[in-house]
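Excluded from the calculations below are hydrogen atoms, water molecules and symmetry mates; all remaining heavy atoms, backbone and side chain alike, are included. Numbers here are sequence positions counted from 1.
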Amino acid sequence: MSSTRPETAVEKGKPSAARESTALSGPAAPDAPTTRASRAPERFARFTGAVHRLIPAALRRLVPETFIGYAVINGSAFLLDIACLSVFYNHLHWWYSLAVTVGYVIAGVYSLLLNRWLNFQSHEHLALQGGRYFIGLISQYVIFILGLSSLLHWVGVNALVARVVSACCEGLYLYVFVRLWVFRDSARDKAPASA
């Protein structure tokens with residue numbers, strides 16, 4: 001009785017159709033959830049590429065596709081941060097500074113993992129990238145959240161306006177930081193940019 005399983009074909013020295021297909025399209029997953037997960041970076045790249053093509057041509061040269069992905073992921077991380085703050089402070093009645101810090105850490109880990117997996121499609125060691133990302137978060141916090149927003153408020157800018165201005169600056173700073181240092185092995189940055 002002959003078997004059509006890939007293992008049997010490989011054992012007999014014959015390449016299987018499944019093995020040839022895998023070589024062309026990437027590793028096949030045994031179950032559907034893994035397959036969807038392995039396609040998620042591909043789909044995310046298509047989404048950011050489509051948004052990138054909507055940008056006027058003169059501006060498109062200045063805005064990388066990974067910046068669009070970063071804006072989407074970190075925008076959702078900000079919403080997660082605010083949701084955590086609401087739950088921890090308003091509902092669980094934690095100290096404000098503890099609630100802010102824990103929400104910031106949760107949003108930071110979320111941002112690191114999704115940017116690594118979906119946006120930059122990086123494969124460097126996670127602990128090394130996590131350490132670099134942590135340095136970026138700390139420097140961003142000190143320079144922009146404490147420094148710039150406090151300075152703007154001190155010179156008379158409305159507190160909310162000062163915080164929004166510092167948030168925009170910190171977002172640009174952290175994107176450059178992660179693109180050039182944290183995810184410097186980015187598969188997407190090595191791929192040709194879409195026209």
Side-chain angles (χ1 to χ4, degrees), residues 33 36-37 40-52 54-55 59 62-122 126-183 186 188:
R36 282 193 298 269
E42 214 175 90
R43 290 180 179 147
F44 191 78
R46 280 198 304 266
F47 164 73
T48 57
V51 172
H52 190 258
L54 296 175
I55 298 173
L59 188 58
L62 302 173
V63 178
E65 283 184 31
T66 52
F67 182 77
I68 296 165
Y70 169 84
V72 169
I73 290 169
N74 283 46
S76 65
F78 178 73
L79 296 177
L80 176 62
D81 186 0
I82 297 301
C84 288
L85 174 62
S86 175
V87 169
F88 298 149
Y89 183 70
N90 294 330
H91 300 290
L92 299 178
H93 308 291
W94 290 7
W95 290 331
Y96 181 75
S97 57
L98 178 63
V100 167
T101 302
V102 173
Y104 189 72
V105 168
I106 290 171
V109 170
Y110 165 90
S111 172
L112 167 67
L113 295 177
L114 287 186
N115 270 303
R116 172 186 161 85
W117 176 47
L118 295 176
N119 193 31
F120 292 97
Q121 300 175 14
S122 177
L126 179 60
L128 178 63
Q129 288 179 330
R132 290 178 187 157
Y133 195 79
F134 181 72
I135 291 169
L137 288 179
I138 295 297
S139 62
Q140 165 193 305
Y141 185 79
V142 170
I143 295 167
F144 296 103
I145 295 174
L146 294 180
L148 181 60
S149 64
S150 299
L151 176 66
L152 291 173
H153 184 63
W154 182 72
V155 298
V157 176
N158 176 283
L160 292 176
V161 173
R163 184 62 188 100
V164 168
V165 169
S166 70
C168 293
C169 293
E170 75 187 60
L172 291 172
Y173 166 81
L174 192 59
Y175 173 74
V176 171
F177 189 92
V178 299
R179 186 169 189 233
L180 297 180
W181 195 46
V182 178
F183 302 119
S186 171
R188 290 193 65 196

Return each pair, listed once, that meets salt bridge (charged side-chain N to carboxylate O under 4.0 Å, His left out) where at least one residue sits in [range]; pairs must be two or more places apart or across chains.
range            : value
residues 83-93   : none
residues 148-162 : none
residues 72-93   : none
residues 131-159 : Glu124-Arg132

Legend entry - Contacts of Arg116 that satisfy salt bridge (Lys or Arg N to Asp or Glu O under 4.0 Å) - sequence neighbours left out: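 Checked Arg116 against salt bridge (Lys or Arg N to Asp or Glu O under 4.0 Å); zero matches.
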Inset, instruction - For side-chain contact (heavy atoms from CB on, under 4.5 Å), just list the numbers for Phe183 and Leu112, CA-CA rounded to whole Å, side-chain angles, deciding distance to a tenth of an Å, and then say yes or no. - result: CA-CA 10 Å; Phe183 302 119; Leu112 167 67; 3.8 Å; yes
Legend entry - Contacts of Phe134 that satisfy side-chain contact (heavy atoms from CB on, under 4.5 Å) - sequence neighbours left out: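 Per chain and number, Phe134 pairs via side-chain contact (heavy atoms from CB on, under 4.5 Å) with Ile138.
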Legend entry - Set of residues satisfying side-chain contact (heavy atoms from CB on, under 4.5 Å) with respect to Leu113, sequence neighbours excluded: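 Result, side-chain contact (heavy atoms from CB on, under 4.5 Å) vs Leu113: Val109, Leu126.
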Inset, instruction - Can you sort out the partners of Ser166 under side chain to side chain donor-acceptor pair (under 3.5 Å), two or more places apart, ordered by chain and number? - result: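 For Ser166, the residues satisfying side chain to side chain donor-acceptor pair (under 3.5 Å) (neighbours in sequence not counted) are Arg163.
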Legend entry - Residues forming a side chain to side chain donor-acceptor pair (under 3.5 Å) with Tyr89, sequence neighbours excluded: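 Side chain to side chain donor-acceptor pair (under 3.5 Å) list for Tyr89, sorted by chain: empty.
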Inset, instruction - Classify the ring geometry between Phe47 and Phe44 as parallel (under 30°), tilted (30 to 60°) or perpendicular (over 60°). - result: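 Judged by the thresholds at 30° and 60°, the geometry between Phe47 and Phe44 is tilted.
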Answer whether the closest heavy-atom distance between the side chains of [X] and [Y] falls below 4.5 Å.
X      : Y      : answer
Val51  : Val72  : no
Phe120 : Val182 : no
Thr48  : Tyr70  : no

Report all side-chain donor-acceptor pairs from residues 143-161 shorter than 3.5 Å, counting only partners two or more places apart or in another chain.
| unit_1 | atom_1 | unit_2 | atom_2 | d |
| --- | --- | --- | --- | --- |
| Ser149 | OG | Ile145 | O | 2.3 |
| Ser150 | OG | Leu146 | O | 2.4 |
| His153 | ND1 | Val157 | O | 3.3 |
| Asn158 | OD1 | Leu160 | N | 2.8 |
| Asn158 | OD1 | Val161 | N | 3.3 |

Which distance, rounded to the nearest 0.5 Å, do you find between the [atom1] of [X] and the [atom2] of [Y]?
X      : Y      : atom1 : atom2 : answer
Tyr110 : Ile73  : OH    : CD1   : 7.0 Å
Ile55  : Glu65  : CD1   : CD    : 9.0 Å
Asn74  : Ser111 : CG    : OG    : 3.5 Å
Ser122 : Arg179 : OG    : CZ    : 13.0 Å

Legend entry - Test item: His52 side-chain N/O and Val63 main-chain N/O as donor-acceptor pair under 3.5 Å: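 Present.
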Inset, instruction - List for me each residue that meets ring-ring contact (aromatic ring centres under 6.0 Å, His included) alongside Tyr133, sequence neighbours excluded, and say none if there are none. - result: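 In terms of ring-ring contact (aromatic ring centres under 6.0 Å, His included), with neighbours along the sequence ignored, Tyr133 is linked to no residue.
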Could you list the donor-acceptor pairs under 3.5 angstrom formed between side-chain atoms of residues 93-106 and any protein atom two or more places apart in sequence or on another chain?
| unit_1 | atom_1 | unit_2 | atom_2 | d |
| --- | --- | --- | --- | --- |
| Thr101 | OG1 | Ser97 | O | 2.8 |
| Tyr104 | OH | Leu137 | O | 3.4 |
| Tyr104 | OH | Gln140 | NE2 | 3.1 |

Inset, instruction - Heavy atoms only: give me the nearest Gly136-Phe177 pair and the separation to one decimal. - result: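 Closest pair (atom of Gly136, atom of Phe177, distance): CA-CE2, 3.3 Å.
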